[in-house]
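Here the structure comes first, spelled out in structure tokens, and everything after it is commentary.
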Amino acid sequence: MIRPVDLVADIGEILVPEAHIQAKVAELGARISADYTDRQLTLVSVLKGSLPFMADLMRAITIPVRIDLMEVSSYGGTATESSGLVRILKDLSASIEREDVLIVEDIVDTGLTLNYLIRYLRGKNPATLRICTLLDKPARRLVDIPIDYVGFTIPDQFVVGYGLDYGEVYRNLRFVGVLKPEVYSEPA
Ligand code: PRP
């Protein structure tokens with residue numbers, strides 16, 4: 001993919017503006033802080049997409065938390081379609097046994113990534129395992145995933161920004177936007 005000159009020029013529509021994201025992150029942080037008072041909360045960020053959300057959410061949480069990072073990647077699919085095959089590129093760095101674990105994701109699309117991760121992390125015997133995602137795209141779900149905290153439910157459009165990429169680009173946009181179709185109809 002040719003790296004774009006102007007990231008914003010490739011956006012057809014801003015779906016979730018920066019101010020809405022920040023307000024939602026504050027709301028989620030307050031809810032999580034209340035729900036996990038006196039618990040042993042570990043946030044597990046699923047890289048790379050969840051990086052900005054994780055960074056903002058952890059600072060909106062007011063109770064003590066540990067953080068850990070996993071990097072997973074679906075493979076065998078295309079730039080816009082996940083395949084359901086998940087590869088762990090970076091595993092947890094510490095035990096989560098008897099911890100209250102909250103998985104932090106940027107988006108749940110087909111649900112295949114989380115379906116794999118939930119089974120994987122359950123095998124490490126956390127006390128509880130719940131899910132927080134900034135974006136939920138239920139129209140594309142292939143497996144039923146119980147999501148405990150959802151920022152925004154979005155329509156079936158190809159979105160980038162605030163962590164989400166196309167061809168590894170656009171993650172640093174401060175909002176979530178819909179990529180112009182002509183951008184991803186070009187060979188990635
Ligand atoms: C994206 C996203 C989720 C997953 C959601 O990750 O961050 O982890 O896809 O899709 P699904 O519900 O259809 O499985 P991706 O594999 O693109 O890696 P990235 O976070 O590094 O962009």
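When a ligand or atom number is given, it counts from 1 through the structure's own listing order. One-based numbering along the sequence shown. Computed from a prediction, not measured in an experiment: that's the story for all the values here.
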Donor-acceptor pair, S50 side chain versus S45 backbone, under 3.5 Å?
no
Between R171 and P52, what is the shortest heavy-atom contact and its length?
O-CG, 4.5 Å
Side-chain donor/acceptor of K90 to backbone N/O of L69, under 3.5 Å:
yes
Output the list of atoms in ligand 1 that are nearer than 4.0 Å to some heavy atom of T110, sorted by atom number.
11 (P), 12 (O), 13 (O), 14 (O)
Suppose I only count heavy atoms of K48 and a 4.0 Å limit; which atoms of ligand 1 are within that range?
19 (P), 20 (O), 21 (O)
Please check whether I107 reaches ligand 1 - meaning an N/O of the residue sits under 3.5 Å from an N/O of the ligand, judged on distance alone.
no
Quick one: does ligand 1 sit under 4.0 Å from the side chain of K137, the backbone, both or neither, non-hydrogen atoms only?
neither
Looking only at heavy atoms, what is the nearest atom pair of V150 and L28, with distance?
O-CD2, 4.2 Å
Flag yes if more than 12 heavy atoms outside D144 fall under 6.0 Å of its CG atom; otherwise flag no.
no
Give me the atom names and distance for the closest heavy-atom approach of S73 to L89.
CB-CD1, 3.7 Å
For ligand 1, is there an N or O atom under 3.5 Å from any N or O atom of S73?
no
Which ligand 1 atoms are under 4.0 Å away from a heavy-atom of L112?
12 (O), 14 (O)
Consider ligand 1: state whether an atom of it lies below 4.0 angstrom from any non-hydrogen atom of E168.
no
With salt bridge (Lys or Arg N to Asp or Glu O under 4.0 Å) as the test, would you mind laying out the steps for R141 and D136 before giving the verdict?
CA-CA 9 Å; R141 197 76 89 250; D136 181 17; 2.5 Å; yes
Do any nitrogen or oxygen atoms of S50 lie less than 3.5 angstrom from nitrogen or oxygen atoms of ligand 1?
no
Any ion pair linking K124 and E99 (charged N to carboxylate O, less than 4.0 Å)?
no
Is G111 close to ligand 1, meaning an N/O of one under 3.5 Å from an N/O of the other?
yes
Under 4.0 Å, heavy-atom basis, I'd like to know which part of T113 is in contact with ligand 1: side chain, backbone, both or neither.
both
What atoms of ligand 1 come closer than 4.0 angstrom to any heavy atom of D165?
22 (O)
Against heavy atoms of E105, which atoms of ligand 1 measure under 4.0 Å?
2 (C), 3 (C), 7 (O), 8 (O)
Does atom CD of Q40 have more than 12 heavy-atom neighbours, drawn from other residues, nucleotides or ligands, at distances under 6.0 Å?
no
Which one holds for E71 and ligand 1: side chain close, backbone close, both close, or neither close, with close meaning a heavy atom under 4.0 Å?
neither
L47: numbered ligand 1 atoms lying under 4.0 Å from its heavy atoms
20 (O), 21 (O)
